[in-house]
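Whatever order the structure lists them in is the order used to number ligands and atoms, beginning at 1.
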Amino acid sequence: MTRLVNKKVYLFAVVLLIFSSIQAQQKNYAGKKNSVPDNSGRYKLWYNQPAKNWNEALPLGNGFIGGMVFGNVQNERIQLNESTIWGGGPNNTIDSSARPYIDQVRRLLAEKKYAEAQELANSKLGPKGNSGMPYQLAGNLYISFPGSDAVSNYYRDLDIANATATVKYTLNGVNYKREFFTSFGANVFMVKLTANKPGMINCRLKLQSPLKSSVTINNEKALVLSGQGSEHEGQKGQIEFNVLTRVKNSGGTTVADTSGITIANADTAVIYLSMATNFINYHDVSANSMLRAENILSKAYEHSYDELLAENIKFYRSYFDRVKLDLGADSAAKQPTNLRIQNFSANNDTQLAELYFQYGRYLLICSSQPGSQPANLQGIWNGEVKGPWDSKYTININTEMNYWPSEVTQLPELSTPLFNMIKDLSVTGKPTARIMYGARGWMLHHNTDIWRITGVVDGAFWGLWPTSNAWLCQHLWEHYLYSGDKEFLKQYYPIIKGAAEYYVDALQKDPEHGWLLVSPSVSPEHEYIDGKNQVSVTAGATMDNQLVYGLFTDAIRAAAELNIDKVFADSLATYRRQLPPMQIGRYGQLQEWLEDLDRTDDHHRHVSHLYGLFPGNQISPFTQPQLFAAVKKSLNYRGDVSTGWSMAWKINLWARLLDGNHAYKLIKDQIKPIGGGSGGTYPNLFDAHPPFQIDGNFGCTSGIAEMLLQSHDGAIYLLPALPDEWKDGSISGLMARGGFKVDIKWANHKIIKVVIHSSLGGNCRLRVNQQMNGKLLTAVSGINKNRFYQTMDLQTPIIKNSDKNLQPDLPKTWMYDVATLPGKTYTIVNSGLH
Ligand code: FUC
């Protein structure tokens with residue numbers, strides 16, 4: 001009882017504290033005249049107060065380093081990240097005692113002793129050594145200013161069209177301005193402090209880190225923070241890092257000592273900040289981090305802020321400007337972003353949907369660059385020593401979701417870090433396949449980290465999932481479908497083949513049907529009920545069947561494209577036929593497990609068995625209408641509101657279910673402040689699982705693209721899922737498979753203009769929801785001859801539901817072919833609207 005009372009008192013005190021700190025903030029900033037952004041800011045996130053917490057700070061980054069800008073008036077904080085600062089050091093987590101237990105678990109599953117199988121798996125097949133290392137922050141740059149917080153005209157923004165952030169305010173009649181960006185070319189974080197009167201820049205810089213670290217100063221009067229990644233779960237911290245910062249001022253003075261740099265009476269001050277570590281690759285940490293950080297800083301220091309900025313904007317825009325989305329003007333952009341998020345579901349704030357779409361592209365450009373680490377659970381932005389789920393790579397959905405927008409929104413180079421990680425994993429995952437499963441090829445379980453670990457993480461209930469390799473390889477094949485890049489395919493074919501070989505050896509014959517099953521496994525992180533037990537460990541989960549079916553198909557097609565390995569490809573075709581077909585269960589749902597165990601009141605966040613619809617291409621409304629209808633049933637049972645990434649996945653799924661209004665409903669569920677335990681969006685537009693997880697940002701960007709264009713099912717489907725709210729608009733630069741770049745303009749929900757840029761040539765087949773009569777178009781039906789548009793040849797599903805004629809309501813569509821040549825552009829103006 002006393003404990004309960006104490007708890008209540010404590011809670012009350014916390015609420016009071018939060019409330020009074022909010023009031024204190026409001027006292028400083030409310031009531032003062034807030035400045036309205038210079039142009040209503042189609043591409044700006046803007047606010048009239050500083051960040052009260054990390055989820056209000058604004059992210060800048062270049063794939064290698066990142067910073068979160070808080071915009072506090074008296075004590076500016078820039079929280080710093082370097083993408084190779086992780087706990088521990090080179091290691092792998094292969095379980096050398098696993099082999100006999102895997103066989104025992106397989107036997108128990110074959111005998112349908114599920115609870116026993118799980119008990120054994122949980123006790124014998126848990127993590128060995130560690131559950132992966134955490135991605136860690138570098139520290140903080142603090143800039144403290146004398147005076148008071150009571151300023152007027154406070155304004156703070158992030159301009160995602162230019163990758164810059166700004167803070168402005170007026171104090172004692174002086175207008176102060178701070179500008180920030182992260183240089184892609186020079187790899188430094190830049191800050192510029194100015195005022196509209198000379199001699200007014202007075203401040204003090206400090207570097208700080210919660211990691212083991214010390215601060216010194218070097219010969220060039222740069223402040224030097226030297227630190228070390230943490231020891232974690234028995235792994236000694238082997239990352240060494242340095243953060244260096246140096247000032248260039250005009251007017252006034254700068255004095256540096258080990259406690260900081262003091263800038264006095266300057267007209268302007270520019271701060272250069274570099275960060276580097278000793279990390280070379282997952283098995284080599286022998287670089288000299290200090291030398292690296294010094295070189296970066298001294299090279300950048302030769303250039304002025306304006307030079308670096310001009311070069312940066314040019315570089316950044318070479319990515320960002322490739323896609324333009326216009327969903328029409330609305331007046332909500334005149335409001336600060338935090339208010340727009342609050343009001344999104346009530347208002348039709350089309351420009352916020354646009355901003356969210358482009359923000360996903362911004363975040364990918366800033367967190368994943370050729371040569372960098374792939375975007376992790378938080379991209380590159382993590383303010384903690386041990387962030388949520390270690391801020392590492394979860395491969396049963398999250399890592400893949402990060403890269404969903406890259407091909408379709410024309411940022412394919414940004415997948416390079418993912419491809420490189422797959423290459424690493426195909427090496428570290430080879431002994432795992434051999435030692436744990438007695439199989440050739442390579443494999444990993446549901447997580448990895450910078451050291452590319454491949455063993456079980458977090459316990460068998462979550463971690464005994466061996467199918468990550470198949471999902472990762474889907475990205476390799478998709479890159480080929482979009483680009484037609486044979487060199488790329490040649491380079492990565494052995495990796496796709498290695499994953500397929502793993503399954504050739506590891507699949508288990510099901511005694512009941514003779515099917516080949518992935519065993520043991522789980523339907524990611526989900527459980528079924530076996531008697532009184534909640535069990536996750538299983539064999540032949542639908543997602544696994546789809547993933548292996550997809551992998552074998554891609555490997556067969558890749559071998560054919562390269563004209564190699566026919567015997568192996570033919571053997572895969574034989575195995576593929578023996579995989580379990582998809583099954584429609586008693587509720588008319590797509591079964592998640594081999595047996596009909598689904599529940600209609602199950603709202604679990606993972607929708608793994610719907611992989612076949614998205615991001616897979618195994619369920620088509622036109623050739624698999626029954627499966628299509630079953631997926632719809634399953635998704636309706638699962639419900640809408642969930643964690644951030646789950647809602648983002650559902651946007652893509654509803655787009656593929658050709659229901660734009662339902663997809664839009666999920667965008668509304670996602671773009672709202674968090675509450676009631678479900679996901680949403682933080683004031684800085686970061687996706688909330690909660691907590692912050694970047695996958696939902698990327699997933700929603702991909703979902704919006706899928707609503708406007710799809711190209712996985714034999715044709716380029718234009719506006720397949722346009723919601724009522726997006727009546728007029730245009731999109732340019734979206735990519736379709738086969739190297740087609742597509743621009744679409746529509747009015748009153750009808751397409752009025754399409755422009756196709758063909759890079760590879762070949763037949764361009766369009767599917768539309770309206771009759772079109774452009775001069776270049778030929779109305780067609782039947783198979784698309786373009787080889788990038790081959791559809792999946794599936795086994796016949798098993799239907800257990802009594803309604804054998806499950807037929808979805810499908811829109812009437814028309815198909816047209818345009819014969820294209822490489823490098824040519826085709827404009828179709830649909831004059832006759834039907
Ligand atoms: C998977 C999800 C969780 C979370 C974590 C990082 O485990 O089930 O919801 O997103 O990854």
Any N/O pair Glu525/ligand 1 closer than 3.5 Å: yes
Contact check, Leu377 vs ligand 1, heavy-atom distance below 4.0 Å: yes
Phe698 vs Trp645, ring-ring contact (aromatic ring centres under 6.0 Å, His included): CA-CA, chis, key distance, verdict: CA-CA 9 Å; Phe698 295 135; Trp645 63 257; over 10 Å; no
Numbered atoms of ligand 1 (with element) below 4.0 Å of His689, judged on heavy atoms: 3 (C), 4 (C), 9 (O), 10 (O)
Ligand 1 N/O within reach of His606 N/O, cut-off under 3.5 Å: yes
Atoms in ligand 1 with a heavy atom of Arg605 nearer than 4.0 Å: 2 (C), 3 (C), 8 (O), 9 (O)
Residues Ser406 and Ser415: side-chain donor-acceptor under 3.5 angstrom: yes
Under 3.5 Å: N/O of Thr643 near N/O of ligand 1: no
Glu233 bridged to Lys386 by N-O distance under 4.0 Å: no
Distance from atom 11 (O) of ligand 1 to nearest protein heavy atom, with residue and atom: Asn398 OD1, 3.2 Å
Geometric N/O contact Trp645 with ligand 1, under 3.5 angstrom: yes
Matching residue for Thr394 among Gln693, Met401, His446, Glu400 - test: side-chain contact (heavy atoms from CB on, under 4.5 Å): His446
